[in-house]
Amino acid sequence: MNLTNPTFAVNLFMMELVPRIKEIVQSVLDQNYHLRMESEAILVNETKPEFTGDYTVVLFSISKTLKINPDIMGEELGESMLNAQPGLFRSFNIIKGFLNLVITDGILCDFLESRYEDPGYGFKPSNSGRVMVEYSSPNTNKPLHLGHLRNNFLGWSVAALYRANGYTIIKTCIANDRGIHICKSMLAWKLFANGATPGSTGIKGDHFVGDFYVLFSKALKNEVALLEAGGMSRELAEKEAPLMKAAQEMLLAWEAGDPDTIALWKKMNNWVYEGFEITYRRIGSDFDKIYYESETYLLGKDLVEEGLNKHVFYRKDDGSVWIDLREDGLDEKIVQRSDGTAVYITQDIGLVVRKYEQYHMDRSIYVVADEQNYHFKVLKLICQKLQLPSAVGIFHLSYGLVELPSGRMKTREGNVVDADDIIDEMNRIAEEHTNELGKVEGFTKEERTELYDTIGLGALKFFLLRVDPKKRMVFNPDESIDFRGFTGPFVQYTYARIRSILRKETVGKLYADQALPLLPLEKAVILALEKYEGLLHTACQEMNPSLVANYAFSLAKIFNSFYVEHSVGRAESDHKKQLRIRMCMLTSTVLRSATGLLGIRVPERM
RNA sequence: GGCCCCGUAGCUCAAUUGAAUAGAGCAUUUGACUACGGAUCAAAAGGUUUCAGGUUUGAAUCCUGACGGGGUCACCA
């Protein structure tokens, strides 16, 4: 920041434009009409391109309460705003109920000057808030697939958004490492593997175990078919099949601590963890704390007692314990089996308590697919009824499944897009494109490998994060993920081009008044940059990384339009050149920052 | 069947939470490298926002109904 520059007045306390416009509207309304309006009630939009202006105040709601014709009122409002802030507004116009405001070039230049050197632009200083994000939470009986990747990228990114907004974050994961599904792959291995291991076969551990899980499903299907052919109902056949009975026995043996079973369980889970570790490292998922279901599944038992004492729960004649949620529009829900063992939801309540005891977070976010909406509704409700202090902070970040054109993925049926496969595929395509374009002469082998990874993963992460998390999305394996248009590589490419300019140009003094007026594309880029701080706030509040992806794309797009139209190196004047170097610097900062929040790296060259 | 989501260009997705003529990318068509990097840019074409009513100055968005798709209603996790 250059405070000594006499031609340049930097406003250290400058707010973001939109809140500032709202504030001015508020104070003018108060002064002129003695009307106090909440800032949320004032609607300030970006002006549509077909009209003159940068921001637009929608007048209807204001004129309605004032009972004045919107056009007359808008005229008065615009006049007063312009008089109050001549440094901020250059002009205004009214078109049938909309007050369009033109922002001065000076204020945008001030903004640019005050931010262009700040690598942390948009980030908030730390506050005292603590946020836990639980994500990924894999089962240890099969490898990760595309759906898990959406979960991982989302959770990681939401955590990053909270951190950018000043919160302390705790990333957690619960490994679903026990239960009947785990026993199924264990049993299949025992029966069919002949002692084979990942080491002896060269198969990645999680895939190796997953193969046996699939094998179990197939073998079970055959048994069931046989029983059904013998006249048994499907339902009964599924219970009575010898393989299913054996798996259940194994689960009992596990719970009883049978040494052989435990040893096998440990061995196979470790194979899976070794496989996961490779994948997690590749995609950049990391956790501050991993919980294991095998260590937490007994939690929640004392809470059942507590619930009974508080008359939140009640016991049925067979000894099972329930909660009645019918008054809340839900059903009766079991919280403890008649044999005294905890069910899934009880374990979850137990874990809620344990997490809170360990971390005292204000908010606990669960990144879990929307098929569990009901479960989390119940979970939060029970915690509230038990008056747990942790109940308030529970938030289910419910995201839609990734589907194939043929419908949803099912591991047991084998129609899944495997995570490792798709990452390899993306790397391969990145390599292909890069070599076609021939732009990486002089790169070492390591640099090339890293570049392919940056681009391939960038494309994949962007693809999964650009969609509103709440919505289901479709992935078509026959059409590979694009590298052009609304994609990660598009943003990365824009960044690399800017870096290429900045390697050649150096920043010097800017005499703003001589660089003005701003050309339309210069103004458009700076206006876009100005929105970043507000965007980070919204994206965090809504826990929605897709807003960041959309923003990064639109910024890159508008910058590219500017780039082809105006030269930096051969600008019309040295003043323009200095202005544009600053635009380049801040744009590259924001692109790196925004993609960084999505877990996407940017290359210096590509 | 009860409850909860969803339906927007051929395809994949937006739409500042009720605002102006519903926007992008891909695919299609046309144009731009003797310009800091063409993974780019400029442009064309593509829509009765599933349908029918209603509320409102204003509806893709809110209400009612129909049709279509998904999820969930376990002493599974």
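Naming: A, B, ... by sequence-line order, numbering from 1 per chain.
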Ionic contact status for [Y] with [X], cut-off 4.0 Å:
{"X": "Asp324(A)", "Y": "Lys333(A)", "answer": "no"}
{"X": "Arg428(A)", "Y": "Glu425(A)", "answer": "yes"}
{"X": "Lys22(A)", "Y": "Glu40(A)", "answer": "no"}
{"X": "Asp468(A)", "Y": "Lys470(A)", "answer": "yes"}
{"X": "Glu403(A)", "Y": "Arg408(A)", "answer": "no"}

Could you go over nucleotides 21-27 of chain B and give all protein N or O partners under 3.5 Å, atom names and distances?
unit_1	atom_1	unit_2	atom_2	d
G25(B)	OP1	Lys557(A)	NZ	3.1
G25(B)	O2'	Phe486(A)	N	3.3
A27(B)	OP1	Arg484(A)	NH2	3.4

Could you go through nucleotides 69-73 of chain B and list every protein N or O atom that sits under 3.5 Å from one of its N or O atoms, giving the distance for each pair?
unit_1	atom_1	unit_2	atom_2	d
G70(B)	O2'	Arg472(A)	NH1	3.3
C73(B)	O2'	Asp331(A)	OD2	3.1

Distances under 3.5 Å between nitrogen or oxygen atoms of protein and nucleotides 35-37 of chain B:
unit_1	atom_1	unit_2	atom_2	d
C36(B)	O3'	Lys504(A)	NZ	3.4
C36(B)	O2'	Lys504(A)	NZ	3.2
C36(B)	O2	Val568(A)	N	3.2
C36(B)	O2	Gly569(A)	N	3.0
C36(B)	N3	Val568(A)	N	2.9
C36(B)	N4	Tyr563(A)	O	2.5
C36(B)	N4	His566(A)	O	2.4
G37(B)	OP1	Ser500(A)	OG	2.9
G37(B)	OP1	Lys504(A)	NZ	3.3
G37(B)	O2'	Tyr493(A)	OH	3.0
G37(B)	O2'	Arg497(A)	NH1	3.3
G37(B)	N7	Ser500(A)	OG	3.4
G37(B)	O6	Met606(A)	N	3.3
G37(B)	N1	Met606(A)	O	2.5
G37(B)	N2	Lys439(A)	NZ	2.4
G37(B)	N2	Met606(A)	O	2.5
G37(B)	N3	Lys439(A)	NZ	3.2

pi-stack flag for Phe60(A) and A19(B), centroid dist under 5.5 Å, interplanar under 30° | yes

Please report the closest heavy-atom contact between [X] and [Y], naming both atoms and the distance.
{"X": "Ser567(A)", "Y": "Arg580(A)", "value": "O-NH1, 2.7 Å"}
{"X": "Phe313(A)", "Y": "Val304(A)", "value": "CD1-O, 3.6 Å"}
{"X": "Ala247(A)", "Y": "Leu187(A)", "value": "N-CD2, 3.6 Å"}

How many Å lie between [atom1] on [X] and [atom2] on [N], as a whole number?
{"X": "His181(A)", "N": "A77(B)", "atom1": "NE2", "atom2": "C1'", "result": "6 Å"}
{"X": "Ile62(A)", "N": "A19(B)", "atom1": "CD1", "atom2": "C1'", "result": "13 Å"}
{"X": "His396(A)", "N": "C5(B)", "atom1": "NE2", "atom2": "C1'", "result": "13 Å"}
{"X": "Leu252(A)", "N": "C76(B)", "atom1": "CG", "atom2": "C1'", "result": "14 Å"}
{"X": "Asp468(A)", "N": "U17(B)", "atom1": "CG", "atom2": "P", "result": "15 Å"}
{"X": "Phe462(A)", "N": "U12(B)", "atom1": "CZ", "atom2": "C1'", "result": "13 Å"}

Distance-only donor-acceptor test, Ser546(A) side-chain atoms vs A14(B) base atoms, 3.5 Å = no

So, does the side chain of Asn560(A) form a donor-acceptor pair with the base of A42(B) at under 3.5 Å?
-> no

For [N] versus [M], give the span between their [atom1] atoms, rounded off to a whole number of Å.
{"N": "U64(B)", "M": "A59(B)", "atom1": "C1'", "answer": "15 Å"}
{"N": "A15(B)", "M": "A24(B)", "atom1": "P", "answer": "14 Å"}
{"N": "C51(B)", "M": "G7(B)", "atom1": "C1'", "answer": "11 Å"}
{"N": "C6(B)", "M": "C63(B)", "atom1": "P", "answer": "10 Å"}
{"N": "G54(B)", "M": "G18(B)", "atom1": "C1'", "answer": "16 Å"}
{"N": "U12(B)", "M": "A27(B)", "atom1": "P", "answer": "15 Å"}
{"N": "U61(B)", "M": "U50(B)", "atom1": "P", "answer": "8 Å"}
{"N": "A22(B)", "M": "U49(B)", "atom1": "C1'", "answer": "8 Å"}

Across the strands shown, which category fits [X] at heavy-atom distances under 4.0 angstrom: base, sugar-phosphate, nothing?
{"X": "Phe490(A)", "value": "sugar-phosphate"}
{"X": "Ser398(A)", "value": "nothing"}
{"X": "Lys471(A)", "value": "sugar-phosphate"}

Measuring from the side chain of [X] (C-beta onward, heavy atoms only), which nucleotide among [options] has the closest atom?
{"X": "Lys377(A)", "options": "C4(B), A15(B), C76(B)", "result": "C4(B)"}
{"X": "Thr47(A)", "options": "A15(B), A77(B), A20(B)", "result": "A20(B)"}
{"X": "Val474(A)", "options": "A77(B), C13(B), A20(B)", "result": "C13(B)"}

Tabulate below the donor-acceptor pairs under 3.5 Å that side-chain atoms of residues 536-543 of chain A make, not counting sequence neighbours, or state none.
unit_1	atom_1	unit_2	atom_2	d
Thr538(A)	OG1	Gly534(A)	O	3.0

Under 30°, 30 to 60°, or over 60°: which ring-plane class applies to Trp254(A) and Tyr297(A), parallel, tilted or perpendicular?
->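 Taking Tyr297(A) first and then Trp254(A), their aromatic rings sit tilted (interplane angle of 30° to 60°).
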
Measure the acute angle between the ring planes of Phe376(A) and Tyr366(A), then classify it against the limits of 30° and 60° as parallel, tilted or perpendicular.
-> tilted

Give the dot-bracket string for RNA chain B, reading 5' to 3', where a pair is Watson-Crick or G-U wobble with both distances under 3.5 Å, ( ) marks pairs inside the strand, [ ] marks pairs crossing earlier ones, | marks a partner on another strand, and . marks unpaired.
-> (((((((..((((.....[...)))).(((((.......))))).....(((((..]....))))))))))))....

Would you say U16(B) has OP1 or OP2 under 4.0 Å from some side-chain N or O of Thr538(A)?
->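 Answer is no, no contact under 4.0 Å.
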
Could you note down all residue pairs passing salt bridge (charged side-chain N to carboxylate O under 4.0 Å, His left out) where residues 46-61 of chain A supplies at least one of them, sequence neighbours left out?
->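 Checked against salt bridge (charged side-chain N to carboxylate O under 4.0 Å, His left out) - neighbours excluded - the pairs reaching residues 46-61 of chain A are Glu46(A)-Lys531(A), Asp54(A)-Lys523(A).
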
Between the OG atom in Ser294(A) and the CD1 atom in Ile182(A), the distance rounded to the nearest 0.5 Å is 9.5 Å

What distance do Arg337(A) atom CZ and Thr346(A) atom OG1 have between them, rounded to the nearest 0.5 Å?
->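 Arg337(A) atom CZ to Thr346(A) atom OG1 measures 8.5 Å (nearest 0.5 Å).
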
For U50(B), does the O4'-C1'-N9-C4 (purine) or O4'-C1'-N1-C2 (pyrimidine) torsion place it in syn, i.e. within 90° of 0, or in anti?
-> anti

Which of these, Phe475(A), Phe153(A), Phe490(A), sits in a ring-ring contact (aromatic ring centres under 6.0 Å, His included) with Phe463(A)?
-> Phe475(A)

Result for 5'-nearest mapping on RNA chain B, choosing between Pro489(A) and Asn139(A), is Pro489(A)

If each of Glu542(A) and Trp322(A) is mapped to the nucleotide of RNA chain B with the nearest heavy atom, which maps nearer the 5' terminus, i.e. the 5' end?
->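 Its nearest nucleotide lies further toward 5', so the answer is Glu542(A).
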
Quick one: are the ring centres of Phe483(A) and Tyr493(A) less than 6.0 Å apart?
-> no

